[in-house]
Amino acid sequence: MGREQFGLRLQQAGQVLGVEIDPPKIDALLAYLDQLQRWNKTYNLTALRDPEQMLVQHLIDSLSVVKPIANILYKNTVLESTIADVGSGAGLPGVVLAIMHPNWEVHCIDAVEKKMAFVRQVSSVLRLRNLHAHHQRVESMQPLEADIVVSRAFASLADFATLAGRHVATDGHLVAMKGREPEEEAELLRQNTSWRITHIETLPVPELNAQRCLVWMSRQGSL
Ligand SMILES: C[S@@+](CC[C@H](N)C(=O)[O-])C[C@H]1O[C@@H](n2cnc3c(N)ncnc32)[C@H](O)[C@@H]1O
């Protein structure tokens, strides 16, 4: 399928998700997809090889978190925000967030150097000055004071909170992208950490035939 078709599908997905993806952003998302395909041949950054699957399971899935994050930030009238993407891998969802919101400083963190080298390359090729790559274990990094710390396919809720909670600013949030509602993980979070689930949003991800939800967490006491 051609570039034009992919662009159209991204635009349509944006309409369903309530995010406007203008032509320069479509170009940037497709340029990211190009880079990912190219680097993946040599560096094995993601298990998905087929561009069709990458479009839906990486780009459109990551686009689904843009509006919910914007809703939380703008409810608190935060315009210029710091966001951390923990266990970001090839930059998912961090690169997509940085493309969609140039006013958000997005920090991708991953323990694997080649993955962060790739994100650095994307930042340079796409001229994304708001996209930063940290080759670090999240638990040993200087605290970032992020408004929102997001993760996709990183860890259980309790491990996410334990490892990454220190990067959340006072009154900030952790948000985990999950498949179905993780009831057992929620119980372990409650038993083992000082973080509490504030709400769970079901995400209807266009073109993706799978359940998705977002689990929002805050520190106990700041609810
Ligand atoms: C399954 S991948 C998910 C990548 C990406 N978020 C996605 O959805 O495609 C999990 C990533 O977490 C990273 N990771 C695991 N433990 C970590 C830690 N303690 N600090 C930073 N990164 C970590 C791994 O290197 C890996 O790239």
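Please read all numbers here as calculations on a predicted model, not as lab measurements.
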Is there a path of hydrophobic side-chain contacts, each under 4.5 Å between heavy atoms of I/L/V/M/F/W/Y residues, joining Ile99 to Val125? yes
Return the set of residues passing salt bridge (charged side-chain N to carboxylate O under 4.0 Å, His left out) with Arg38 (not counting sequence neighbours), or none when no residue passes. none
Got a sec, which residues hit salt bridge (charged side-chain N to carboxylate O under 4.0 Å, His left out) with Lys25, two or more places apart in sequence or on another chain? none
For atom CZ of Arg49, decide whether the heavy atoms of other residues, nucleotides or ligands shown that lie under 6.0 angstrom number more than 12. yes
Ala111 to Arg137 - nearest heavy-atom pair and separation: CB-NH1, 3.9 Å
So does Thr82 get a backbone contact from the side chain of Asp147, meaning a donor-acceptor N/O pair under 3.5 Å? yes
Kindly indicate whether the side chain of Leu97, heavy atoms from C-beta on, has any atom under 4.5 Å from the side chain of Val66. yes
Audit row: Leu29, Val96, side chain to side chain contact (heavy atoms under 4.5 Å, CB included) steps and yes/no: CA-CA 7 Å; Leu29 290 168; Val96 173; 4.2 Å; yes
Min side-chain heavy-atom separation Trp104-Ile148 under 4.5 Å: no
Taking only residues two or more places apart in sequence, or in another chain, which ones meet Glu207 in a salt bridge (charged side-chain N to carboxylate O under 4.0 Å, His left out)? Arg9
Scan residues 93-111 for pairs that pass salt bridge (Lys or Arg N to Asp or Glu O under 4.0 Å), counting only residues two or more places apart or in two chains. none
For a 4.5 angstrom cut-off between non-hydrogen side-chain atoms, does Tyr32 reach Leu92? yes
For a 4.5 angstrom cut-off between non-hydrogen side-chain atoms, does Val175 reach Ile72? no
State, with a plain yes or no, whether a side-chain heavy atom of Lys178 is found less than 4.5 Å away from one of Ile200. no
Going by the angle between their ring planes, with limits at 30° and 60°, are His132 and His134 parallel, tilted or perpendicular? tilted
Just distance, no hydrogens or angles: give the donor-acceptor pairs under 3.5 Å from side chains in residues 55-65, sequence neighbours left out.
| from | atom 1 | to | atom 2 | distance (Å) |
| --- | --- | --- | --- | --- |
| His58 | ND1 | Arg152 | NH2 | 2.8 |
| His58 | NE2 | Thr46 | OG1 | 2.9 |
| Asp61 | OD1 | Arg212 | NE | 3.0 |
| Asp61 | OD2 | Arg152 | NH1 | 2.7 |
| Asp61 | OD2 | Arg212 | NE | 3.3 |
| Ser62 | OG | His58 | O | 2.8 |
| Ser64 | OG | Asp61 | O | 2.6 |

Does the side chain of Met54 reach to within under 4.5 Å of the side chain of Asn40, using non-hydrogen atoms? yes
Inter-residue atom distance Gln37.CD - Lys41.NZ, 0.5 Å rounding: 6.5 Å
Can you sort out the partners of Lys114 under side-chain contact (heavy atoms from CB on, under 4.5 Å), two or more places apart, ordered by chain and number? Tyr43, Asn44, Leu45, Val112
Rounded to the nearest 0.5 angstrom, the CZ-CZ distance for Arg127 and Arg129 is 8.0 Å
Please collect all ring-ring contact (aromatic ring centres under 6.0 Å, His included) contacts where either partner lies in residues 175-214, sequence neighbours excluded, each pair once. His199-Trp216
Under the ring-ring contact (aromatic ring centres under 6.0 Å, His included) test, which residues partner His135, sequence neighbours left out? none
Check side chain to side chain donor-acceptor pair (under 3.5 Å) between Asn192 and all other residues, then give those that pass, not counting sequence neighbours. none
Do the side chains of Ile197 and Leu188 join up, straight or via other hydrophobic residues, at under 4.5 Å, putting them in one cluster? no
Where Ala146 and Ala84 come nearest, the two heavy atoms and their spacing: CB-N, 4.1 Å
Tell me every residue that passes salt bridge (charged side-chain N to carboxylate O under 4.0 Å, His left out) with Glu181, counting only those two or more places apart in sequence or in another chain. none
Heavy-atom neighbours of Glu184 CD exceed 12 at 6.0 Å: no
Show me the donor-acceptor pairs within less than 3.5 Å that the side chains of residues 117-124 make with the rest of the protein, sequence neighbours left out.
| from | atom 1 | to | atom 2 | distance (Å) |
| --- | --- | --- | --- | --- |
| Ser123 | OG | Leu128 | O | 3.1 |
| Ser123 | OG | Leu131 | O | 3.3 |

Working for side chain to side chain contact (heavy atoms under 4.5 Å, CB included), residues Glu185 and Val215: CA-CA 11 Å; Glu185 287 187 29; Val215 182; over 6 Å; no
Verdict with reasoning, Asp34 to Arg3, per side chain to side chain contact (heavy atoms under 4.5 Å, CB included): CA-CA 10 Å; Asp34 277 350; Arg3 202 181 161 82; 3.3 Å; yes
Do Leu174 and Val86 come within less than 4.5 Å of each other through their side chains, counting heavy atoms only? no
Under the rule for side chain to side chain donor-acceptor pair (under 3.5 Å), what residues qualify as partners of Ser88, not counting sequence neighbours? Asp85
Please determine whether the number of non-hydrogen atoms from other residues, nucleotides or ligands lying under 6.0 Å from atom CD of Glu113 exceeds 12. yes
Quick check against the 3.5 Å criterion: does Arg196 have a side-chain atom that pairs as donor or acceptor with the backbone of Arg190? yes
Do Asn71 and Lys75 have side chains that approach each other closer than 4.5 Å (heavy atoms only, starting at C-beta)? no
Value for OG1 (Thr193) from CD (Gln220), rounded to nearest 0.5 Å, stands at 8.0 Å
